[in-house]
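Each remark here refers to the structure printed beneath this line.
As the structure is a prediction and not an experimental result, all values here were calculated from the model.
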Amino acid sequence: MLLRELFLKRVNFKGMIHYNTIKSAFWLCILALVPALITAVCHPNRPQWRPSKISEGMVDSSIVLSWGNKVLWIDPRTLSEYNRSHIPGSFPLNEDNWNDEIHDVLNAWRPGFRTVIYCGGKDCYDYYRMVDRLRSYNLGNIYILKGKWTAWTKTGK
Amino acid sequence: MDKNRKVKGLLLLLVRVFVGGLFIYAGVAKIISPSDFLNTVQGYQLLPYHAGAIVAVYLPWLELLCGGSLLIGVLSRGALLNLFILLTIFAGAIVSAWAKGIQLVSCGCFGVQSTEVNYPCHILEILLLALMVGVLAVHGSSKTRKQPIK
């Protein structure tokens with residue numbers, strides 16, 4: 001009976017949202033701006049505000065996400081690790097299989113693509129040596145994903 | 001009749017504390033790490049990077065303030081309106097991700113969690129929450145409601 005009264009009460013929607021409601025909603029929105037601005041400037045885990053100005057080097061997964069599909073992923077771990085799990089669309093490339101796999105990587109690359117290397121395990125390939133080696137193939141800008149690659153899966157990919 | 005009114009009042013108070021507390025928790029969980037929340041926002045593939053970053057720093061504070069004002073009863077009707085709009089946007093974002101076939105690891109509702117998103121469940125949760133907000137809007141502040149300006 002009570003629930004029926006609660007849910008089926010005739011509602012005068014025209015009178016529900018009036019000037020004071022909108023005004024208080026607006027003030028709450030304005031109030032929230034103040035701590036949000038402080039967060040944007042001072043928070044230790046604040047987002048990076050200039051992703052376009054990031055030079056080659058370490059890059060956050062949030063920035064890679066903003067690049068959409070124009071990313072060429074390279075997985076430098078061992079083939080067995082790659083077979084166990086990897087970022088979809090990534091290429092397994094390390095010193096052992098370089099000559100076999102580099103052609104697939106070069107075929108997949110298109111102008112405007114950014115190359116991102118991910119790893120994070122203990123027995124990882126030397127990132128920077130790999131970056132130097134890839135640079136000789138003119139693969140555009142080359143980045144290294146910050147943190148373990150499993151962090152990428154937490155971003156929703 | 002009087003007893004009925006008392007039970008109704010208690011029920012509304014409980015709904016109010018639940019909804020307010022839930023949004024405070026949701027806000028705080030996201031405020032702890034805005035960059036992680038940005039990752040989740042980007043996962044929906046709805047907003048460009050900078051818009052996503054603004055949402056990641058602003059939205060948690062709005063949730064926290066609205067939850068707080070609902071709990072303490074200051075600007076509560078405005079808070080309810082904001083929460084209703086936010087819930088509508090959340091539901092739209094989840095439906096959009098579902099339609100695009102994106103398998104989100106976290107919906108980002110309470111910060112970053114690593115449980116796979118069950119879309120129908122989330123939509124149902126949001127609808128229930130929106131219903132609670134609606135019930136509060138209709139009944140919760142009826143004593144303080146003023147006449148609309150004509």
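With sequence neighbours excluded, no residue satisfies side-chain hydrogen bond (donor to acceptor under 3.5 Å, both in side chains) with Ser24(A). Among residues two or more places apart in sequence or in another chain, the ring-ring contact (aromatic ring centres under 6.0 Å, His included) test is passed with Tyr82(A) by His86(A).
Shortest non-hydrogen contact noted between Thr39(A) and Trp61(B) is OG1-NE1, 2.7 Å. In terms of heavy atoms, Leu28(A) sits closest to Leu75(B) at CD1-O, 3.8 Å. Closest non-hydrogen pair, Val57(B) versus Pro47(A), comes out as CG1-CD, 3.7 Å.
Both Val71(A) and Ile87(A) are assigned to one and the same hydrophobic cluster, defined by single-linkage of ILVMFWY side chains at heavy-atom distances under 4.5 Å. The same ILVMFWY cluster, assembled from side-chain heavy atoms under 4.5 Å apart, contains both Trp98(B) and Ile126(B). Val17(B) and Leu12(B) are assigned to two separate hydrophobic clusters, defined by single-linkage of ILVMFWY side chains at heavy-atom distances under 4.5 Å. Residues Ile74(A) and Leu79(A) do not share a hydrophobic cluster, defined by chaining ILVMFWY side chains whose heavy atoms lie under 4.5 Å apart. Val34(A) is not connected to Ile31(B) by any chain of hydrophobic side-chain contacts under 4.5 Å among Ile, Leu, Val, Met, Phe, Trp and Tyr, and they are in different clusters.
A distance-only check finds a donor-acceptor pair linking the side chain of Asn82(B) to the backbone of Ala25(A) [under 3.5 Å]. For His43(A) (side chain) and Ser35(B) (main-chain N/O), no donor-acceptor pair under 3.5 Å exists by modelled atom type. Checking side-chain atoms of Tyr58(B) against main-chain N and O of Pro35(A) turns up no donor-acceptor pair under 3.5 Å.
Note: Leu62(B) leads Leu62(B), Leu83(B), Ile85(B), Val74(B) in heavy-atom pairs under 4.5 Å with chain A.
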Side chains of residues 127-138 of chain B: which donor-acceptor pairs under 3.5 Å do they make with residues two or more places apart or in other chains?
none

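Heavy atoms of Ile38(A) lying under 4.5 Å from chain B are absent altogether.
Contacts of residues 64-72 of chain B with chain A at a heavy-atom distance below 4.5 Å involve Leu65(B), Cys66(B), Ser69(B), listed in sequence order.
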